[in-house]
Protein chains: 2
Amino acid sequence: MSDTSDESPAPGDEPRAAQAPRGRRPVAVTLWKTAQPLIRGFDALLVEHGASWQVWHILLALGTSPPRTQRELAGAVGIREATLTHHLRAMEDNGLIRRTRMPDNRRVQHVEVTEDGARLFEELRAAAVEFDRRLRAVIGSEDDVARFLEVLGRLAAAAPEGGRDILPEDWPREPGVR
Amino acid sequence: MSDTSDESPAPGDEPRAAQAPRGRRPVAVTLWKTAQPLIRGFDALLVEHGASWQVWHILLALGTSPPRTQRELAGAVGIREATLTHHLRAMEDNGLIRRTRMPDNRRVQHVEVTEDGARLFEELRAAAVEFDRRLRAVIGSEDDVARFLEVLGRLAAAAPEGGRDILPEDWPREPGVR
DNA sequence: ATCTAATCCTTCGAGATCTAAGGTTTGATC
DNA sequence: GATCAAACCTTAGATCTCGAAGGATTAGAT
């Protein structure tokens, strides 16, 4: 996006009613405007393979560390339970997953990846790995990537616990402040 | 979201080790799961002030380097024209902006921030600046922040030109490849 | 002049997402 | 065990977003 490099206030910039914070581009905005097109590009890639970013994300979460409940799964994918229900129903219709009530706790829906689902994920994985390889190349050396991800981890860790259920009064906290 | 921090060495929390078996967490996913809660937290903050993340973003774009057309504005905010129309209508109804047809080119709608809009933005600015200050503190020194933003810039620059209109075949490109 | 194409914006319909509220099942308390 | 609360999921309604198509205006070509 050309706008992500708009530190050029254009020579002869006019004092407008709304004045931006001088010089500093907000971190959160920059982060957003970077993540946004990347995810969209990734999604476009997966759509070509007959899937979508969120379907892939759900399959990934199911494969990585199988969540017990849909709530956990939603948390892992970063969406709400209601939204997950929506996706799971579609995925179930498409035969990618199977849902069964557990006899020992009939509240939970156990989500399982079907053969078809596993096959699809395997196909997507190649594209995803290649995509990731290129992004890492853009970032730099392995150390650069590690440092970058570490910072992201710290930022994410600074986010409120429940995802976005309750915002503590003084959030985000200073580093070290507990 | 506890899951977004499941790889960070996070000082003082370690509830679950649920880690991807084959190492390498996808960069795009990590980026997304960091940006997502941050933006949501920021939005929640602004909502308390009677606005929203996108309203603030639009006001910011209008103030920073006033776009000539709505198309430019949409690009600056990272949304589609159709979506922008939606927001602008609401903002116009709320008296935050004013839209007028230009006599020399009656296709374009010139967007202007009203007094009320400027006043609201001024109020939001304090919250936004403080929010940003804290995020930067989480990242580290000023140099750390600069390095971090530089990487984000490179990632964003690697994205396809029009934002996400056309995905070149070999995207994202290797650094240096043109 | 007129026709065609491009630019700019809006409308429409569909999909993703959220919050809030509801339904079921389970656990705890009396 | 009856009742109340909690856990888990779904449904309903609203909002944000997009793509595609349409309307209006301008610029370019004939």
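Residue numbers begin at 1 in each chain, while the letters A, B, ... track the order of the sequences.
- The hydrophobic cluster analysis finds A:V129 isolated: no Ile, Leu, Val, Met, Phe, Trp or Tyr side chain comes under 4.5 Å of it, directly or through other members.
- The list of side-chain hydrogen bond (donor to acceptor under 3.5 Å, both in side chains) pairs with a residue in residues 86-97 of chain A, not counting sequence neighbours, reads A:E92-A:R99.
- Contacts of A:D143 classified as side-chain contact (heavy atoms from CB on, under 4.5 Å), with partners at least two apart in sequence or in another chain: A:S141, A:R147.
- For residues 50-58 of chain A, proximity to DNA chain C is found at A:Q54, defined as any non-hydrogen atom under 4.0 angstrom from a strand atom.
- Residues from residues 85-102 of chain B placing a heavy atom under 4.0 Å of any atom in DNA chain C, listed by number, are B:T85, B:R89, B:R99.
- Residues passing the side-chain contact (heavy atoms from CB on, under 4.5 Å) test with A:L46, sequence neighbours excluded: A:F42, A:W56, A:L124.
- For A:R68, the salt bridge (charged side-chain N to carboxylate O under 4.0 Å, His left out) criterion is met by no residue, not counting sequence neighbours.
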What does the list of N/O pairs under 3.5 Å between the protein and nucleotides 4-6 of chain D look like, with a distance for each?
none

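- Cluster partners of A:V47: none. The rule joins Ile, Leu, Val, Met, Phe, Trp and Tyr whenever side-chain heavy atoms lie under 4.5 Å apart, and it links nothing here.
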When the side chains of residues 103-110 of chain B are checked against the rest of the protein, which donor-acceptor pairs come out under 3.5 Å, sequence neighbours left out?
unit_1 : atom_1 : unit_2 : atom_2 : d
B:N105 : OD1    : B:R107 : N      : 3.2
B:N105 : OD1    : B:R107 : NE     : 3.2

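- Looking at residues two or more places apart in sequence or on another chain, you find a side-chain contact (heavy atoms from CB on, under 4.5 Å) between B:R71 and B:T69, B:E81.
- By the side-chain contact (heavy atoms from CB on, under 4.5 Å) test, A:I39 pairs with A:W53, B:A28, B:W32, sequence neighbours left out.
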